[in-house]
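Just so we're on the same page: letters track the sequence lines, and every chain starts at 1. Excluded from the calculations below are hydrogen atoms, water molecules and symmetry mates; all remaining heavy atoms, backbone and side chain alike, are included.
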2 protein chains.
Amino acid sequence: MTAAQTPRRGPRERMVFGAAQLIRRDGVASTGMREVAAYAQAPRGSLQHYFPGGKEQLVNEAVGWAGSYAGNRIDRFLAALPTPTPGGLFAEMVRQWTDEYETAGFAGGCPVAAATVDCAESTASTREAVAAAFRTWNGSVARALADMGVPEERAGVLATLMIGALEGAILIARAERDVRALTNVSRELGPLLDGAVHKSGD
Amino acid sequence: MTAAQTPRRGPRERMVFGAAQLIRRDGVASTGMREVAAYAQAPRGSLQHYFPGGKEQLVNEAVGWAGSYAGNRIDRFLAALPTPTPGGLFAEMVRQWTDEYETAGFAGGCPVAAATVDCAESTASTREAVAAAFRTWNGSVARALADMGVPEERAGVLATLMIGALEGAILIARAERDVRALTNVSRELGPLLDGAVHKSGD
DNA sequence: CCCCGACTATGACAGTGGTCATAGTAGCCC
DNA sequence: GGGCTACTATGACCACTGTCATAGTCGGGG
């Protein structure tokens, strides 16, 4: 999961990836450009070369990367599920985090959430990047739900519920250093989500 | 809701309150001590007098204040509800945020969430303060649910679900500058919460 | 060989942060 | 009044940030 473990990518992509990693751990403001370069094992001089827009551009790209990653992840979860159900998908989304927290500790949260908290009011372009990331993510989840038989108009709403509940649970889990909030939310929401399937006549 | 509007309190409390306000808007790292003093209309020299522990202490007290505030708020919501139900309480919790966002704009989020994102990994004492704040808040909600007839062992779990879903929805609403996520989560979770009442034989 | 573009390498700069040191004021008690 | 405590006031310090300027390296095409 660290940048050093994926040296195959070019330095530019490593820096975007590394920025996302550092942001989700320390927040946007506490993540320095020099730190990103060092973490990505990239030369400091490359920062201004690849990101002439400065930190703002780097952060926005990191957020965009995180949004795409989350979206793609949904498709992979779907493919891995033997019999896809909304609750099963949500359980997989949650499990990604419980797995990380149990094996790697509670160091990091969601980079999109971090960027929202730190930049929503101060940096307009980053706020838009965050909104776009949530949109991408939400779109993937909604599409997955629709494929499972959830009516179109409810798929988007439930996708937002899933993402929101997950983000909140991540927050609480990190604060408490306990995955309890994550497992709770998965168990409680599972039946509700499954109940939304195929009830078009509701 | 601003510090300037509540000049009755002493300077120390104004600074704690003001810190919470600034943190929830810009995050912990982007909130300066000088800025807090100016915002609270308190002398800069008082910072080191009242908070010898520095910024860490100020932030921790701000987080603690926010936790108590959120907890007390629950009791007031309960008192205001004609016929208290879990879903009704949750709707009130959500409405506090939709009201703020519709009248005052999307400038601020939850200070506890901001402190979690910015300090969970870097500052141990703040992480504990955040955990305590969530514990306080969760305790108030759980007690309210229990009073409404939710079995004790489920009250705590559902309280965490409510707080988590609310926090996540706040995040998304701020990113999108739209209360949609908040209203969605309230509508979707309401029936689920109400269904938990009085089912001790479940 | 030389030029040129892509990329790297550093040093400097101006701004800001939290914190400390020091001095000053106000009010109360003896 | 003297002295003590609570609080205020300000300037300085040092670490650090994002950004820029400048120069260097390297590889390929003319």
Side-chain angles (χ1 to χ4, degrees), chain A residues 3-4 7-23 25-63 114-115 117-119 121-126 129, chain B residues 3 7-23 25-63 111 114-115 117-119 121-126 129:
Chain A
R8 274 286 149 250
R9 288 179 272 222
R12 206 200 119 103
E13 194 175 354
R14 277 208 315 276
M15 284 191 278
V16 173
F17 179 87
Q21 291 295 117
L22 293 175
I23 286 169
R25 193 176 45 158
D26 300 321
V28 172
S30 301
T31 297
M33 298 288 272
R34 293 165 171 82
E35 193 185 357
V36 170
Y39 181 85
Q41 290 177 323
R44 191 168 71 96
S46 298
L47 276 171
Q48 74 180 280
H49 180 73
Y50 291 115
F51 308 96
K55 186 176 188 177
E56 193 171 328
Q57 180 187 356
L58 176 60
V59 169
N60 293 354
E61 292 201 22
V63 168
V117 162
D118 274 2
C119 308
E121 185 60 15
S122 60
T123 316
S125 73
T126 303
Chain B
R8 276 284 151 252
R9 287 179 272 222
R12 208 200 118 101
E13 194 175 353
R14 276 209 315 278
M15 284 190 278
V16 173
F17 179 86
Q21 292 294 118
L22 293 175
I23 286 170
R25 196 180 44 167
D26 301 321
V28 171
S30 302
T31 296
M33 298 288 273
R34 294 166 171 82
E35 194 184 356
V36 171
Y39 181 85
Q41 290 177 323
R44 200 178 66 126
S46 298
L47 277 171
Q48 74 179 281
H49 181 73
Y50 290 115
F51 308 97
K55 186 177 187 177
E56 193 172 327
Q57 180 187 356
L58 176 59
V59 169
N60 293 355
E61 292 200 23
V63 168
V117 162
D118 274 1
C119 308
E121 186 59 14
S122 60
T123 317
S125 72
T126 303

remark   = Separation of C/dT16 atom C1' from B/Arg44 atom CZ, nearest Å, is 12 Å
key: Spatial distance of atom CD (A/Gln57) from atom CG (A/Leu47) [nearest 0.5 Å]   = 10.5 Å
task = Mind checking side chain to side chain contact (heavy atoms under 4.5 Å, CB included) for A/Asn60 and listing every partner two or more places apart, or none if nothing turns up?
result = A/Glu56, A/Ser125, A/Thr126, A/Ala129
ask   = Among residues 46-56 of chain B, which residues get a heavy atom nearer than 4.0 Å to DNA chain C?
value = B/Gln48, B/Gly54, B/Lys55
message = Working to the nearest 0.5 angstrom, can you tell me the gap between B/Asp26 CG and A/Cys119 SG?
response = 9.5 Å
Heavy-atom pair with the smallest gap, counting every atom of A/Val16 and A/Leu58 = CA-CD1, 4.1 Å
message = Going by side chain to side chain donor-acceptor pair (under 3.5 Å), name the residues that satisfy it together with A/Thr31, two or more places apart in sequence or in a different chain.
response = none
inquiry  = Restricting to non-hydrogen atoms, name the atom on B/Met15 and the atom on B/Ser46 that form the minimum distance, rounded to 0.1 Å.
reply    = CE-CB, 3.9 Å
query = Near DNA chain D, which residues from residues 28-38 of chain A have a heavy atom under 4.0 Å away?
reply = A/Thr31, A/Gly32, A/Met33, A/Arg34
message = Check whether A/Arg14 reaches the backbone of A/Gln41 with its side chain - one donor and one acceptor, N or O, closer than 3.5 Å.
response = yes
request  = Might you point out which heavy atoms bring B/Gly54 and B/Met33 nearest each other, and give the distance in Å?
outcome  = C-CE, 4.0 Å
inquiry  = Run the salt bridge (Lys or Arg N to Asp or Glu O under 4.0 Å) test against A/Arg12 and tell me which residues pass, sequence neighbours left out.
reply    = A/Glu61
request  = Kindly give the heavy-atom pair with the smallest separation between B/Ala29 and B/Lys55, and that separation in Å.
outcome  = O-NZ, 3.8 Å
task = Walking along DNA chain D from 5' to 3', note the first and the last nucleotide with an atom under 4.0 Å from a heavy atom of chain B, and give both.
result = D/dA6 to D/dA12
